[in-house]
Amino acid sequence: METPHPAGAPADRRTANTVTVVVGLAVLALALVFLFNTNLFTSNWYAFFKWVHVTGAVLWVGGGLTLTILALRAERSALPAEMAMIARQAAFVGERVFGPVGLLVLLAGIGMVVNLSLDWGTSWIVIGLVGYAITFLTGSLVLGPSAKRIGHLIETKGAEDGETQAAIRRTLLIARVDEGVLLLIVAAMILKPFT
Ligand code: HEM
C-alpha cells in the first residue's frame, strides 16, 4: 500500500506553485492597470508609492496582529509546544518578512513626502518617523536577539523548560506592545491629527 506523502505529491505541489505564481502575477498586473487609471493622485509615482506603502503596511501590521491573536490563543492553551511553535513562527516572519517589508513601507513613505513636497514637520509624518524608529530599535535590539535566545533555549533545554517558556511569554508581550505602536501609526496616518 502506498504511504501518503505529508507534503503532497510532487505533481500537486507543482500545480499549487503554478496557481500561486499566476494569482500573484494577475494581482500585480491588475493593480498596475488600476495605478495607471486613477485620477486621485497628482502623479503616477505618488500613486505607486502609496500603493507600495499601504500594501506593505497591511502585510506588516495585519501579519503582526494575526500573530498576536495566535499568541494569545497559545497562552490560553498553556501548551508549551504550541507556545514554542508560535515563537518560532514569529521569529521567522519577524526577521524574514516584517523587517524588509517595514523598510519598504518607510522608503515608500519617504517617496510620497518627497514627491508631494510635504512638510517633514507635519504631526502625522513625525509620528510615522518616530514610530518607525521605535519599532526598528525594538526589533533589532530586543525582539531579534530574544528570538535567537529562545531558539537556543528550545534546542538546549527543551520547549517545556520553565526558562524557555518565560522567555517566550516575555518576548510575545514585547511584540504585543510593538504591535500597539504600529496600530497607533496607522491611526495617525489615516486620521492626521493635530493638522
Ligand atoms: C512605519 C509604519 C507606517 C505605517 C504602518 C503606515 C501606514 C500608512 C497607511 C495605512 C496609510 C494610508 C492612510 C490613508 O490613505 O488614509 C499611510 C499613508 C501615508 N503615509 Fe504612512 N505609514 C507608516 C510610516 C510612514 C512614514 C515613516 C512616512 C513618512 C516618511 C509615511 C508617509 C505617509 C504618506 C505621505 C501617506 C499618504 C497620506 C495621504 O495620501 O493622505 N508613513 N501610511
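As the structure lists them, so they are numbered: ligands from 1, and atoms in each ligand from 1. In what follows, every heavy atom counts, from backbone to side chain, and hydrogens, waters and symmetry copies are set aside. The first residue in the sequence is number 1, and the count goes up from there.
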Using the rule that two of Ile, Leu, Val, Met, Phe, Trp, Tyr join whenever any of their side-chain heavy atoms come within less than 4.5 Å, decide whether [X] and [Y] are in one cluster.
{"X": "F34", "Y": "F48", "value": "no"}
{"X": "V58", "Y": "L107", "value": "no"}
{"X": "L65", "Y": "I185", "value": "yes"}

Is there any protein N/O under 3.5 Å from an N/O of ligand 1, and what does the full list of such pairs look like?
residue	atom	partner	partner atom	Å
ligand 1	15 (O)	K50	NZ	2.8
ligand 1	20 (N)	H53	NE2	2.8
ligand 1	22 (N)	H53	NE2	2.8
ligand 1	40 (O)	Y46	OH	2.9
ligand 1	40 (O)	K50	NZ	2.8
ligand 1	41 (O)	K192	NZ	2.9
ligand 1	42 (N)	H53	NE2	2.9
ligand 1	43 (N)	H53	NE2	2.7

Quiz item: Any salt bridge between R76 and E82, counting N to O under 4.0 Å?
Solution: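 A salt bridge is absent here (no side-chain N lies under 4.0 Å from a carboxylate O).
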
Quiz item: Got a sec, which residues hit side chain to side chain donor-acceptor pair (under 3.5 Å) with R149, two or more places apart in sequence or on another chain?
Solution: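 So R149 forms a side chain to side chain donor-acceptor pair (under 3.5 Å) with E163.
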
Quiz item: Does the side chain of I125 reach to within under 4.5 Å of the side chain of D119, using non-hydrogen atoms?
Solution: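 The answer is no, as the side chains (C-beta and beyond) never meet within the 4.5 Å cut-off.
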
